[in-house]
**Student:** 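I'd like to ask some things about the structure below.
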Number of protein chains: 2
Amino acid sequence: MSEHPPFAVAVDLAVFTIRDGALAVLLVERREEPFAGSWALPGGFVEPDEDAEQAAWRELREETGVERFPGHLEQLRTYSAPDRDPRMRVVSVAHVALAPDLPEPRAGTDAADARWWVVDDLLEGPDDADGPALAFDHRQILVDARERVRAKLEYTTLATEFVAEPFTLPELRRVYAAVWGTPPDLGNFRRKVLGTDGFVVPTDTRGHATEAGGRRALLYRRGDATLISPPMTRG
Amino acid sequence: MSEHPPFAVAVDLAVFTIRDGALAVLLVERREEPFAGSWALPGGFVEPDEDAEQAAWRELREETGVERFPGHLEQLRTYSAPDRDPRMRVVSVAHVALAPDLPEPRAGTDAADARWWVVDDLLEGPDDADGPALAFDHRQILVDARERVRAKLEYTTLATEFVAEPFTLPELRRVYAAVWGTPPDLGNFRRKVLGTDGFVVPTDTRGHATEAGGRRALLYRRGDATLISPPMTRG
DNA sequence: CCCTGTTATAGTCACAATGACTACAACATC
DNA sequence: GATGTTGTAGTCATTGTGACTATAACAGGG
């Protein structure tokens with residue numbers, strides 16, 4: 001029989017958005033040791049009177065600088081390797097958040113800087129081809145978070161959380177293209193989205209003209225469906 | 001900017017097996033307060049030198065009494081409500097484990113008793129129709145754990161972890177029947193399992209005679225596939 | 001104001017997988 | 001060896017997909 005040794009409990013956030021047609025994640029540059037100067041996922045410690053999800057929502061507001069975060073948040077998994085933080089024993093309850101294009105973030109008090117990074121730039125190559133090495137085990141968290149999002153686009157309507165309402169089907173398709181790395185077939189994509197009850201609900205309005213010209217697409221809003229069955233397949 | 005208040009970090013386990021054609025879960029009767037006398041999921045605190053998964057494996061050995069646990073273990077999610085343990089702040093990293101029929105468990109030092117419960121008896125009805133109320137938030141953990149297993153049978157080959165090798169297809173089908181509550185169609189089930197490369201590998205042996213008589217089924221072993229695509233559908 | 005490039009929408013067709021079956025084979029026991 | 005039980009094999013209509021082609025709507029340049 002053993003005692004219960006003290007741990008610090010933190011939340012880390014993989015906040016995703018679509019920027020310029022690519023999946024982007026929010027990173028902060030650490031001001032303090034350890035890993036001062038390195039880039040890391042935003043996060044912080046859980047306060048005594050809140051649970052992990054509340055802490056994640058709080059950090060989300062603090063780090064993105066928006067009052068009411070307009071997107072989706074869910075728990076990813078917990079990382080608890082004994083040596084993951086050199087200072088002390090910290091377990092981190094990682095979360096995934098995603099939202100339509102957010103404003104350029106402001107650096108918080110504990111961060112020297114904060115900005116969006118294209119995820120592929122961070123995770124490409126053997127360890128850090130184009131982007132910086134991430135602090136702690138955040139590279140692994142980011143890998144897991146991206147895989148969660150990729151998988152969930154297949155069998156849920158989560159993609160609609162990446163676009164602001166109202167949105168067009170081509171916009172929604174670009175979300176899939178950004179997250180999966182390759183766009184789903186145009187016709188089949190429409191057939192699937194429109195054929196799934198409650199995926200999107202039509203408005204009889206048309207979108208604005210895009211800079212590239214072309215026919216203006218119809219606008220839609222999110223439906224109340226959450227699951228796609230059978231799933232959409234990537235590849 | 002805040003300090004990092006101390007937490008205790010625990011693991012809780014939902015250990016599933018198939019007994020008499022029904023999905024069963026291992027519960028322990030608590031000896032100590034809080035919830036002394038109540039039934040709870042087995043679990044314990046994470047030690048300073050181990051991560052949550054190692055702690056879960058250790059508890060699995062201790063609570064089931066088997067040297068080398070023969071099944072599958074994975075993290076479920078983390079439960080962190082501030083008031084989930086009346087003594088102090090405890091966050092629990094819940095895990096799901098499953099294995100072929102295990103021996104009747106022995107009560108550990110901190111448990112007055114330990115036994116298998118039929119999951120449907122525990123979760124049926126408004127709150128506790130047939131089984132006991134569970135300690136802490138373990139009812140919720142159990143609900144989430146069962147749903148995880150149900151879902152994973154659809155798109156992974158996890159079901160094979162519920163049967164001892166070698167096994168017959170009817171045995172494997174009974175796993176699906178127990179977990180989903182209704183058996184998949186006989187012919188279609190065989191077609192799917194045998195048609196998925198690496199789900200099972202045949203041995204040219206036949207199974208023993210069952211008490212009910214009938215033709216003896218062919219024996220199989222687990223293949224190296226882990227994913228089923230497209231998934232098997234329940235209902 | 002018409003031509004041209006671009007983008008959205010609609011529809012086609014072969015093929016894969018499923019759901020719901022029926023027919024047949026092998027075994028145990030009476 | 002008759003009988004009930006269980007496992008194995010195959011059929012067939014229906015659904016959904018992947019890979020296309022054709023047409024409609026719009027912007028901007030000449």
Side-chain angles (χ1 to χ4, degrees), chain A residues 21 153-155 157 163 166-177 180-220 225 227-235, chain B residues 21 153-155 157 163 166-178 180-221 225 227-235:
Chain A
L153 287 209
E154 292 187 38
Y155 65 95
T157 62
V163 290
F167 53 85
T168 66
L169 291 192
E171 281 182 82
L172 189 62
R173 177 164 171 259
R174 279 189 280 275
V175 170
Y176 280 87
W180 284 351
T182 171
D185 176 89
L186 184 49
N188 301 336
F189 176 77
R190 301 186 89 254
R191 180 176 58 190
K192 186 71 177 174
V193 172
L194 297 176
T196 301
D197 279 0
F199 196 159
V200 297
V201 298
T203 73
D204 39 3
T205 332
R206 298 195 166 273
H208 301 296
T210 79
E211 55 186 25
R215 181 175 180 173
R216 290 185 301 183
L218 284 170
L219 290 169
Y220 296 84
L227 260 46
I228 305 174
S229 125
M232 218 176 299
T233 50
R234 60 178 137 157
Chain B
L153 286 210
E154 293 187 37
Y155 64 95
T157 62
V163 291
F167 52 86
T168 66
L169 291 192
E171 280 182 82
L172 189 61
R173 178 165 169 257
R174 278 189 281 275
V175 170
Y176 279 88
W180 284 352
T182 170
D185 176 89
L186 184 50
N188 300 336
F189 175 76
R190 302 187 89 252
R191 179 175 59 192
K192 187 70 177 175
V193 172
L194 297 176
T196 301
D197 279 1
F199 196 159
V200 297
V201 299
T203 72
D204 40 3
T205 332
R206 296 196 168 275
H208 301 297
T210 79
E211 56 185 26
R215 181 175 181 173
R216 289 185 303 183
L218 283 170
L219 290 169
Y220 296 84
R221 298 185 172 278
L227 261 46
I228 304 174
S229 122
M232 218 176 300
T233 50
R234 61 178 135 155

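Bear in mind the structure is a predicted one, so any value in this text is a computation, not a measurement. Residue numbering restarts at 1 for every chain, and letters A, B, ... go by the order of the sequence lines.
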**Student:** With Ser229(A), which residues qualify under side-chain contact (heavy atoms from CB on, under 4.5 Å), at least two apart?
**Tutor:**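 side-chain contact (heavy atoms from CB on, under 4.5 Å) check on Ser229(A) returns nothing, list empty.
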**Student:** So, using side-chain contact (heavy atoms from CB on, under 4.5 Å) as the criterion, who are the partners of Arg191(B) when residues are at least two apart?
**Tutor:**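 Arg191(B) satisfies side-chain contact (heavy atoms from CB on, under 4.5 Å) with Asn188(B) once adjacent residues are dropped.
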**Student:** What is the separation between atom OH on Tyr155(A) and atom C1' on dG16(D), rounded to the nearest whole Å?
**Tutor:**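 After rounding, the gap between these two atoms is 21 Å.
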**Student:** May I have the distance from Leu194(B) (atom CG) to dA17(C) (atom C1'), rounded to whole angstrom?
**Tutor:**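 That distance rounds to 16 Å.
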**Student:** Could you encode protein contacts along nucleotides 19-24 of chain C as a string, one character per nucleotide from 5' to 3', using B for base contact, S for sugar-phosphate-only contact and - for no contact, with a heavy-atom cut-off of under 4.0 Å?
**Tutor:** BBB---
**Student:** Please report, rounded to the nearest Å, how far the P atom of dT17(D) is from the CZ atom of Phe189(A).
**Tutor:**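 Roughly 13 Å, once rounded to whole Å.
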**Student:** With rounding to the nearest 0.5 angstrom, report the NZ to CZ distance, Lys192(A) to Phe199(A).
**Tutor:**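 It comes to 9.5 Å.
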**Student:** If each of Lys192(B) and Ala217(A) is mapped to the nucleotide of DNA chain C with the nearest heavy atom, which maps nearer the 5' terminus, i.e. the 5' end?
**Tutor:**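 Closer to the 5' end of DNA chain C: Ala217(A).
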**Student:** Find the distance between CG (Leu219(A)) and OG1 (Thr203(A)) and round it off to the nearest 0.5 Å.
**Tutor:**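 OG1 of Thr203(A) is found 4.5 Å from CG of Leu219(A).
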**Student:** Output the rounded distance in Å from CE (Met232(A)) to C1' (dT17(D)).
**Tutor:**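 Roughly 12 Å, once rounded to whole Å.
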**Student:** Can you name the residues that form a side-chain contact (heavy atoms from CB on, under 4.5 Å) with Leu194(B), not counting sequence neighbours?
**Tutor:**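 Testing Leu194(B) for side-chain contact (heavy atoms from CB on, under 4.5 Å), a comparison that skips the adjacent residues, returns Leu169(B), Arg190(B), Val200(B), Tyr220(B).
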**Student:** Tell me: CD of Glu171(A) to C1' of dA8(C), nearest whole Å?
**Tutor:**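 Distance, rounded to whole Å: 13 Å.
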**Student:** Round to a whole Å and report the spacing from CD of Glu154(A) to P of dG16(D).
**Tutor:**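 Taking atom P of dG16(D) as the reference, CD of Glu154(A) is at 18 Å.
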**Student:** Applying side-chain hydrogen bond (donor to acceptor under 3.5 Å, both in side chains) as the test, list every pair that has at least one member in residues 166-178 of chain B; sequence neighbours left out.
**Tutor:**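 Non-adjacent pairs meeting side-chain hydrogen bond (donor to acceptor under 3.5 Å, both in side chains): Thr168(B)-Glu171(B).
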**Student:** Starting from P on dG7(D), measure out to CZ on Arg173(B) and report it in whole angstrom.
**Tutor:**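 One finds 8 Å between P of dG7(D) and CZ of Arg173(B), rounded.
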**Student:** Rounded to the nearest Å, what distance is computed from the CZ atom of residue Arg216(B) to the P atom of nucleotide dC27(C)?
**Tutor:**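 Whole-Å distance recorded here is 6 Å.
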